[in-house]
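One-based numbering, in listed order, for ligands and for the atoms of each. Since we're looking at a predicted model, the values are computed, not measured. Because only heavy atoms are used, hydrogens play no part in the values below, and waters and symmetry mates are left out as well, while side chains stay in. Position 1 is the first residue of the sequence, and the numbers go up from there.
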Amino acid sequence: MPTILIVYHSRSGNTEQMAKAVEEGARSEGVRVVREKVGSASLQDLLKADGIILGSPTYYGTMAAEMKAFIDRSVKYHGKLEAKVGAAFSSCGGLGGGAETTVLDITKALLIHGMVVQGDPWGSHYGTVSIGRPNAAAKKECKKLGEKVARLVKRLTPAS
Ligand SMILES: Cc1cc2nc3c(=O)[nH]c(=O)nc-3n(C[C@H](O)[C@H](O)[C@H](O)COP(=O)(O)O)c2cc1C
């Protein structure tokens with residue numbers, strides 16, 4: 001069964017709520033999901049996962065330092081994450097607060113790792129964003145992100 005790893009940082013719980021909804025969506029597609037706070041995630045988890053979804057609150061228009069540090073440490077496995085599926089989500093404080101730039105910053109790192117990132121022609125084009133605590137609509141988008149990543153992982157992961 002393919003595995004999806006969700007790693008997130010959250011100080012006041014908003015991004016964590018998003019992470020839980022992303023997890024729910026992915027699980028509904030019948031994949032294994034490991035959800036971890038960035039402080040507890042190990043780099044080895046990246047190697048084991050078929051899909052990697054990173055979530056961070058928006059801090060000054062980009063990801064939190066904790067998430068950036070995790071990504072920087074992932075250089076240990078540079079080249080080893082190629083063709084895994086990636087995705088990003090972010091919670092920010094207000095309209096135009098920079099959640100999209102945060103998602104794109106995380107996505108740049110995923111692409112540098114050689115990962116496959118699927119856009120969305122209808123909802124959150126770049127990855128899922130929320131203002132503050134995710135409302136029902138934002139949670140729905142988070143679930144959709146989890147479902148989409150899981151479906152792509154299933155298409156790209158050979159049965160073992
Ligand atoms: C250090 C810091 C910087 C922030 N910078 C921004 C920002 O640039 N734009 C924004 O909209 N919100 C900003 N916020 C608000 C958070 O992104 C927002 O409250 C988010 O929902 C927090 O997520 P969390 O509950 O997962 O910690 C900032 C918060 C902190 C603590």
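- A donor-acceptor distance shorter than 3.5 angstrom exists from the side chain of Thr101 to the backbone of Gly61, with no hydrogens or angles considered.
- Evaluation of the side-chain contact (heavy atoms from CB on, under 4.5 Å) rule for Ala99 yields Thr58, Ser90, Cys92, Val129 as partners, not counting sequence neighbours.
- Within 6.0 Å of OH in Tyr59 there are more than 12 heavy atoms belonging to other residues, nucleotides or ligands.
- Listed by chain and number, the hydrophobic cluster partners of Phe89 are Ile4, Ile6, Tyr8, Met18, Val22, Val31, Val33, Ile53, Val85, Val116, Leu145, Val149, Leu152, Val153, Leu156, where partners are ILVMFWY side chains within reach of under 4.5 Å, directly or through others.
- A salt bridge does not link Glu23 to Lys20: none of the charged side-chain nitrogens sits closer than 4.0 Å to a carboxylate oxygen.
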Atom pairs and distances, side-chain donor-acceptor, residues 62-70, under 3.5 Å, sequence neighbours left out:
residue, atom, partner, partner atom, Å
Thr62, OG1, Asp105, OD2, 2.7
Lys68, NZ, Asp72, OD1, 2.8
Lys68, NZ, Asp72, OD2, 3.2

Quick check on ligand 1: any N or O pairs to the protein under 3.5 Å? One line per pair.
residue, atom, partner, partner atom, Å
ligand 1, 5 (N), Thr58, O, 3.3
ligand 1, 5 (N), Tyr60, N, 2.9
ligand 1, 8 (O), Tyr60, N, 3.0
ligand 1, 8 (O), Gly61, N, 3.1
ligand 1, 9 (N), Gly97, O, 2.7
ligand 1, 11 (O), Gly93, N, 2.8
ligand 1, 11 (O), Gly94, N, 3.4
ligand 1, 11 (O), Gly97, O, 3.4
ligand 1, 12 (N), Gly93, N, 3.0
ligand 1, 14 (N), Thr58, O, 3.3
ligand 1, 17 (O), Thr58, O, 2.7
ligand 1, 17 (O), Ser91, O, 3.4
ligand 1, 21 (O), Asn14, ND2, 2.9
ligand 1, 21 (O), Ser91, OG, 2.6
ligand 1, 25 (O), Ser12, N, 3.3
ligand 1, 25 (O), Ser12, OG, 2.5
ligand 1, 25 (O), Gly13, N, 3.1
ligand 1, 25 (O), Asn14, N, 2.8
ligand 1, 25 (O), Asn14, ND2, 3.4
ligand 1, 26 (O), Ser10, OG, 2.6
ligand 1, 26 (O), Asn14, N, 3.4
ligand 1, 26 (O), Thr15, N, 2.8
ligand 1, 26 (O), Thr15, OG1, 2.6
ligand 1, 27 (O), Arg11, N, 2.7
ligand 1, 27 (O), Ser12, N, 2.9
ligand 1, 27 (O), Ser12, OG, 3.4

